[in-house]
Amino acid sequence: MKIKTNNYYLKNEWYIALSSEELKKNQVLSVKRFGMDIVFWRDSKNEVHAADARCPHRGANLGLGNVVNDCLQCPYHGFLFDGDGKALLIPSLGKSAKINPHYRAKSYRVKEFMNFIFIWYGEGEPYKKITWLDGIDESFSYLTMKAVWNVNYTRAIENQLDVSHLPFVHKTTIGRGGKTLVNGPVVELQNNAINVWVCNEVDTGQKPKKPDEIDKNGCTGRLQFIFPNYWQNIISNKLRIMAAFVPQDEYSTIIYIRLYQKFLKIPLLDGLFNRLMMYFNKIVLNQDKNVVESQYPKISDIRNRELLVYSDLPIILYRKYMYKNLEQNDF
Ligand code: FES
Ligand SMILES: [Fe+2]
């Protein structure tokens, strides 16, 4: 088994890269994603585009540029690039010049969906559709927050699939009640989604139930992870906590947390509720951050030399999928 990469980015996948509100009309934004500088811009028609931030002319950062005629203009010598990265104008050659197609920036395919900006990380044209999280649609109201963790994105994802840490890391918040015993968990991998039913209990000396002894309907909740980088906690049909784990580079991850709810629809009150819930989420997330940043190594051990136990089944499944799919990476 040879995994040539050590950053663990799955290739040929749609990754959430930005939250839509971060990029306004006619705005240019240079960010680090997958260890690379990538520039995003939104044109006057609201279309989002992305390209390698290094200008192919003489390496200026295109993030300092502007949107001009729905193209991206380099701040240095004014080359104008379209959404495909093609240079449409090289000012020093004059407006009448026919530009050799070899003058181009490396562009990326992007899509906007559910107010997230997705980027196709791979080669060639995207051949997959975006898979979305069960049940979340435009009828929810939401609030977004982001945090930066100094870990590889795999560690952050595994933390959200970890069902036995709650009574320890979150003993003052969502893990109150000391439910240290993990029944199951029931875990299913279907296509590119992992579903986990959480059925933890207070330990009174009973044996944990095996997955096939568990009634899913009696579980306290369901977690769902969609490869490569987003997740939700299904608290109820009308309340979800959603997260995207966006790799800046090998050792740094932006976590976008979204609270989605649709049971409170009274103007102002819904906003207040969302902010209160988000305040609580921030506390919970910081409890996680503390301990996940302490893990060593900072990249998940997908070769499984950690001494895992039964309750780590969701993590084992995540690692198996990563292992199998990274093997096919050839870059
Ligand atoms: S460096 Fe971009 S146009 Fe010269
Ligand atoms: Fe947690």
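One-based numbering, in listed order, for ligands and for the atoms of each.
Residues Phe34 and Tyr108 place their aromatic rings such that the two centres sit no closer than 6.0 Å.
The SG atoms of Cys199 and Cys219 sit under 2.5 Å apart.
Looking only at N/O/S atoms, His77 comes nearest to atom 4 (Fe) of ligand 1 through ND1. Its N, O or S atom nearest to atom 4 (Fe) of ligand 1 is what matters here, and for His57 that atom is ND1. As for His165, its N/O/S atom nearest the Fe ion (ligand 2) is the one called NE2.
Heavy-atom contacts of Arg58 reach the following atoms of ligand 1: 1 (S) (cutoff under 4.0 Å). Every atom of ligand 1 with a heavy atom of Cys74 under 4.0 Å away is listed here by number and element: 1 (S), 2 (Fe), 3 (S). Those atoms of ligand 1 with a heavy atom of Phe79 less than 4.0 angstrom away are 3 (S).
Taking the Fe ion (ligand 2) as the corner point, the angle from Asp288 atom OD1 to His170 atom NE2 is about 90° (rounded to 10 degrees).
Coordination check, Cys55 versus atom 4 (Fe) of ligand 1: failed, since every N/O/S atom of the residue sits at 2.8 Å or beyond.
Ring geometry for His57 against Phe79 counts as parallel: the plane angle stays under 30°, on a 0 to 90° scale with 60° as the upper cut.
Judged by distance alone, the side chains of Ser107 and Asp84 never bring a donor and an acceptor atom under 3.5 Å apart. Using modelled atom types, one finds no donor on one side chain facing an acceptor on the other under 3.5 Å when comparing Asp82 with His49.
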Trace of the side-chain contact (heavy atoms from CB on, under 4.5 Å) decision for Leu143 with Arg275:
CA-CA 7 Å; Leu143 187 67; Arg275 280 202 299 280; 3.8 Å; yes

